[in-house]
Colleague: 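Structure below; questions to follow.
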Amino acid sequence: MEKSDSIDNEKEKILKAILFSEDLPTIPAAAARLIGLLTKEDTEMSEIADLIAMDVSLSSKLLKVVNSAFYSFPNEIASISQAVNLLGLNAVQNLVLSVAFFSLKGRDDVNFDYKEFWHSSLARAVAAKLIYKTLKTPLAIDDEQVFLSGLLQNLGKLILANTMHEDYHKVLEMQEAQGNELEDDAIETACLGVDHPLTSYVMAKEWGFPDSLAQPLKYHHRPDSYEGDDDAVALNAKVCHLSDILAKVLSEKDPQKYHKLFRTTAKDHFCLRPVEINQILKEIHVEVDRAAEGFGLEAEQTKSVEETLMEANIKLSLLNMSYDEINRKLLEQQVQLEKLTRELEDKNTILENLAYIDGLTGVKNHRFFQNALDEEISRASRVDDCNLSLLMIDLDKFKSFNDTYGHQVGDFVLIEFCKVVVGQLRKYDLLARYGGEEFVVILPETTKDEAKQVAERMRRAVSGHDFKDGDNSYAVTVSIGIGCGQPANPDFKKDDLIGNADSALYEAKNAGRNTVMVYTPLVSKPKKRWFSR
């Protein structure tokens, strides 16, 4: 442990005792050697694959995760070498360390819920990755590193429980007595002299993890206390902090408190919009269960945030009941009633949505597009200088394509095209079928230049995609026209926006197709005048 870690003498003494403890959990030998290999600049992918393959247990677990719904690769990954070449060195390193984390052994006689710890750690990892994917940030951090930071942030709890087991029961007793009044790190410091964030950091450094991974563990409870100049570390620490709050929504006794805190922190740290926050809250339980299955964790199905908050509200309303049995039965009945009500509302929503879905492609139809555009214009019109962009997309020479290969192949291409385009969009962008082989995309809060970047990326994705139907592959290109405006401008008109995008599409097709064009208004030249004296 280095002096540069700025740890006071008393804590340093405790941490040294932890590192030399016989009860200190260790990572598998293959994972330790992997860290050493990856610190070398000349490491070959084949070396990494051979090292992992030598550990039969580790390699089998790795392949199980890679082939699970957590990654959703279209084809099975049959070998470690294939996994390394497909994912890359950084992703494989982080994935191996994630698998190794779940292999840590602890004392059986410790009053520590290992099963709950693994599941809550995974929830934090999944939450961190989900949050980071939602951010609009120029900082490039590997998704798997964000996942690993989220996974390891509470590693110190496991270390403290095993190496200081004689005193750790005091932490559990104080946590039970204090409830949510004190954070875990404050309780740990009061009882043990050190806390789990610092212990996680020191353990990560001891294992040879780089600062970019270890530092966020140290500051995940209080990211604003980080005084370094590495923006990626600062961002990762804030993501870990927010993921910790979200995981507590799913597991703590007071989910309402953490639900409110999550919304506030997400807005303050990352300026996330309510629609983005709601999407994270909606997806978290599904992604946690998917990851748990991939990593082979046995756990009950994770309750959604909505159901967790609903149960908490019901429990709160029944606190004054006299008998536990009555309380339990009423709780079950009310939860069931609420679920039935929600299911009925969901079914009604599905029926309403059917009227707005294109029957072939599954994307929104023209009717929905018109309503959605009206709503987006109304929203944007209340904000000065808020840009709204519209893409008009046409599959090139699609009529001749249908005539050549038949309408069934044409239908396949339309369906596959929509999948490719959706993969290029943000969660709050909208793809809709305008008619025939024409589609539109609404891009809220997007400037003309940003829309062009999206359209170019989309055009390249389509032209580079292998439209493979059985044994046959087809080459497909698209032409894209872009219209842009500011709804707060008094001269803005919805029909003009659509017409401008359509005009730009016409220019793109005239320019040779497989092209993106931005609508530019024609500027008429002033007429010459002849004056006589």
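It should be emphasised that the depicted structure is a prediction, and the values quoted were computed from it without experimental measurement.
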Colleague: Using 30° and 60° as the class boundaries, would you call the ring planes of Phe467 and His465 parallel, tilted or perpendicular?
Modeller: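 The rings of Phe467 and His465 stand perpendicular, inter-plane angle above 60°.
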Colleague: Tell me the closest heavy-atom pair linking Glu76 and Gln82, and the distance in Å.
Modeller: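 Looking at all heavy atoms of both residues, the shortest contact is O-NE2, 4.0 Å.
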Colleague: Can you confirm whether Lys509 sits close enough to Asp396 that some side-chain heavy atom of one is under 4.5 Å from a side-chain heavy atom of the other?
Modeller: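 The answer is yes, as the side chains (C-beta and beyond) meet within the 4.5 Å cut-off.
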Colleague: Kindly say whether Gly150 contributes a backbone atom to a donor-acceptor pair with the side chain of Gln153 at under 3.5 angstrom?
Modeller: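 Checked: pair present.
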Colleague: Which atom names give the shortest non-hydrogen contact between Phe492 and Gln486, and what distance separates them?
Modeller: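 Residues Phe492 and Gln486, closest heavy atoms: CB-O, 3.5 Å.
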Colleague: Does a side chain donor of either Arg342 or Ser304 reach within less than 3.5 Å of an acceptor in the other side chain?
Modeller: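 No, no side-chain donor-acceptor contact under 3.5 Å.
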Colleague: Could you tell me whether the side chain of Ile393 reaches within less than 4.5 Å of the side chain of Met458, counting heavy atoms only?
Modeller: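 They are in side-chain contact.
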Colleague: Please determine, by modelled atom types, if Asp394 and Ser479 share a side-chain donor-acceptor pair under 3.5 angstrom.
Modeller: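 No, because no side-chain N or O of Asp394 sits under 3.5 Å from a partner of the opposite role on Ser479.
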Colleague: Can you find a pair of side-chain heavy atoms, one from Leu373 and one from Leu497, that are under 4.5 Å apart?
Modeller: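 With C-beta onward as the side chain, the pair touches.
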Colleague: Is the closest side-chain heavy-atom distance between Arg379 and Glu445 below 4.5 Å?
Modeller: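 The answer is yes, as the side chains (C-beta and beyond) meet within the 4.5 Å cut-off.
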Colleague: Once ring pair (Phe, Tyr, Trp, His ring centres under 6.0 Å) is applied, what residue pairs with a partner in residues 421-461 remain, sequence neighbours excluded?
Modeller: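 Of all non-adjacent pairs touching residues 421-461, those that pass ring pair (Phe, Tyr, Trp, His ring centres under 6.0 Å) are His366-Tyr434, Phe369-Tyr434, Phe417-Phe439.
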Colleague: Can you tell me which residue among Leu431, Asp429, Thr361 is in a side chain to side chain contact (heavy atoms under 4.5 Å, CB included) with Val422?
Modeller: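 It is Leu431, the one option of Leu431, Asp429, Thr361 that forms the side chain to side chain contact (heavy atoms under 4.5 Å, CB included) with Val422.
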Colleague: Could you tell me which non-hydrogen atom of Ser389 sits nearest to which non-hydrogen atom of Cys484, and how far apart they are?
Modeller: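 For Ser389 versus Cys484, the nearest heavy atoms are OG-SG, 3.3 Å.
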Colleague: Show me the side-chain donor-acceptor pairs of residues 501-508 shorter than 3.5 Å, one per line, residues at least two apart or across chains.
Modeller:
{"unit_1": "Ser503", "atom_1": "OG", "unit_2": "Gly499", "atom_2": "O", "d": "3.0"}

Colleague: Could you give the distance from CD (Glu276) to CG (Leu281), rounded to the nearest 0.5 Å?
Modeller: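 One finds 12.0 Å between CD of Glu276 and CG of Leu281.
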Colleague: Are more than 12 heavy atoms, taken from residues, nucleotides or ligands other than Lys427, located less than 6.0 Å from that residue's NZ atom?
Modeller: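 Count over threshold, so yes.
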Colleague: Can you see whether Asn278 engages Arg273 through a side-chain donor-acceptor pair at a distance of less than 3.5 angstrom?
Modeller: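 Their side chains do not contain a donor-acceptor pair, so the 3.5 Å distance test is not met.
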Colleague: Might you confirm whether atom CD of Gln424 has over 12 heavy atoms from other residues, nucleotides or ligands at distances under 6.0 Å?
Modeller: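 Check passes, neighbour count above 12.
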Colleague: Which atoms form the tightest heavy-atom contact between Ala204 and Leu217, and what is the distance?
Modeller: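 Reported closest heavy-atom pair: CB-CD1, 3.8 Å.
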Colleague: Thr265 side chain to Phe262 main-chain N or O, any donor-acceptor pair under 3.5 Å?
Modeller: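 Checked: no pair found.
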Colleague: Output every pair passing ring pair (Phe, Tyr, Trp, His ring centres under 6.0 Å) with a member in residues 226-250, not counting sequence neighbours, ordered by first then second residue.
Modeller: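 Residue pairs with at least one partner in residues 226-250: Tyr219-Tyr226, His241-His269.
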Colleague: Considering only heavy atoms from C-beta outward, does the side chain of Arg433 approach that of Asn365 to under 4.5 Å?
Modeller: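 Contact flag for Arg433/Asn365 side chains = no.
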Colleague: Would you say that Val239 contacts Leu135 through its side chain, given a criterion of any heavy-atom pair below 4.5 Å between the two side chains?
Modeller: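 Side-chain contact under 4.5 Å: yes.
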Colleague: Hey, are Asn154 and Ser121 close enough side-chain-wise for a donor-acceptor pair under 3.5 Å?
Modeller: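 Judged by distance alone, the side chains do not pair up.
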Colleague: So, Thr302 and Asp289: side-chain donor and acceptor under 3.5 Å apart, yes or no?
Modeller: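 Yes, a side-chain donor-acceptor pair sits under 3.5 Å.
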Colleague: Indicate yes or no: at least one non-hydrogen side-chain atom of Asp358 is less than 4.5 angstrom from one of Phe368.
Modeller: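 Side chain of Asp358 against side chain of Phe368, heavy atoms only: no contact under 4.5 Å found.
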Colleague: Are the side chains of Lys448 and Asn387 in touch, meaning some heavy atoms are under 4.5 Å apart?
Modeller: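 When only atoms from C-beta onward are counted, Asn387 and Lys448 do not touch, as no gap falls below 4.5 Å.
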Colleague: Does a side-chain N-to-carboxylate-O contact under 4.0 Å join Glu287 and Lys129?
Modeller: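 Salt bridge absent between Glu287 and Lys129.
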